[in-house]
Amino acid sequence: MSTPSEPRPPHDGPALEPIRVLRPRRTDALAELMREFQQETGRDPGRQEPGRESGGHGSGRGPGGYESFELPGPPADSEALTQELPPVARETRRPTRAVPPGAGLRRAAVAVAVLAAAVIGFGGALLLHGEHKDDSAAPAPAPGPPRTAPSTPDPTPTPPGPAAPAPVDPDGAGTLREGATGPEVTELQQRLLDIPDVYRDGSTSGSYDPTLTAAVARFQLWYGIRGDETGVYGNDTRAALESRTAAGTS
């Protein structure tokens, strides 16, 4: 009976996992070895002798009641039973097709024909280039006599037509608008100065500027004059302004 082992301090490192190694067993060789052992000793190794059960020490027995004897060596043909598998080929070779006879000649003929066609094409290109040079080197034809332009008769002068009439102002004669100048514009500026708050501190330079246009439009709006365009000094605006102011006053 085995005695329990003494307690040991715990292991600080990682736990060791049991490892089980599986090895193939050669049962045929073991069976052959058991048969040879039976033939040599004339007894069954699995059967126990009477002296072993009592634990006595017989002749040829070592300490512990076990008999010591020399085991026979392996049989002579045991290694021959081991078969080695043939190596597996990694690359499979493709079967080569047999080249029919005459294939080399046909290929050579095709190559010669292609080469001949290339030489003929190159020679034709050189010939065309030489002909083009000859044509360009030919002398130009001599110029012919100069051509005279046909004489054309002198055109007869047409009499001038009647003069176009001067544009008529749609608002009537004497209408003043922005861009006009003259004494009539000066008179308009003087009359507007007489109307309170219409043309305050206005200029009397005689030029119809945007300031005067705004003053005329203001006068039309305040006094309800609708016969003329806004900012244009027409007949209706003139009549209304002259009725409210005196000529020549400032």
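Just so it is clear, the values below take in all heavy atoms, side chains as well, and ignore hydrogens, waters and symmetry mates. Because the structure is a prediction, the values reported are computed rather than measured. Residues: numbered from 1 along the sequence shown.
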Given Val185, which partner from the list Asp209, Leu212, Thr204 fulfils the side chain to side chain contact (heavy atoms under 4.5 Å, CB included) test? Leu212

What pair of heavy atoms forms the shortest contact from [X] to [Y], and how long is it?
X: Ser205; Y: Ser203; answer: N-OG, 3.3 Å
X: Val232; Y: Arg177; answer: CG2-NH1, 3.7 Å
X: Ile195; Y: Arg244; answer: CD1-CB, 4.3 Å
X: Ala215; Y: Leu192; answer: CB-CD1, 4.1 Å
X: Ala240; Y: Ile225; answer: CB-CD1, 3.4 Å
X: Pro210; Y: Glu178; answer: CG-OE2, 3.2 Å

Could you state the interatomic distance from [atom1] ([X]) to [atom2] ([Y]), rounded to the nearest 0.5 Å?
X: Thr213; Y: Arg218; atom1: OG1; atom2: CZ; answer: 11.0 Å
X: Glu36; Y: Gln38; atom1: CD; atom2: CD; answer: 11.0 Å
X: Glu229; Y: Asp236; atom1: CD; atom2: CG; answer: 12.0 Å
X: Tyr233; Y: Arg191; atom1: OH; atom2: CZ; answer: 6.0 Å
X: Leu176; Y: Arg238; atom1: CG; atom2: CZ; answer: 5.5 Å

Determine whether Leu188 and Val216 make a side-chain contact, defined as any pair of heavy atoms from C-beta on separated by less than 4.5 Å.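 Side-chain contact under 4.5 Å: yes.
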
Measure the shortest side-chain to side-chain distance between Tyr223 and Thr237 over non-hydrogen atoms and say whether it is less than 4.5 angstrom. no

Between the main-chain N or O of Ser207 and the side-chain N or O of Gln189, is there a donor-acceptor pair closer than 3.5 Å?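 It does hold such a pair.
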
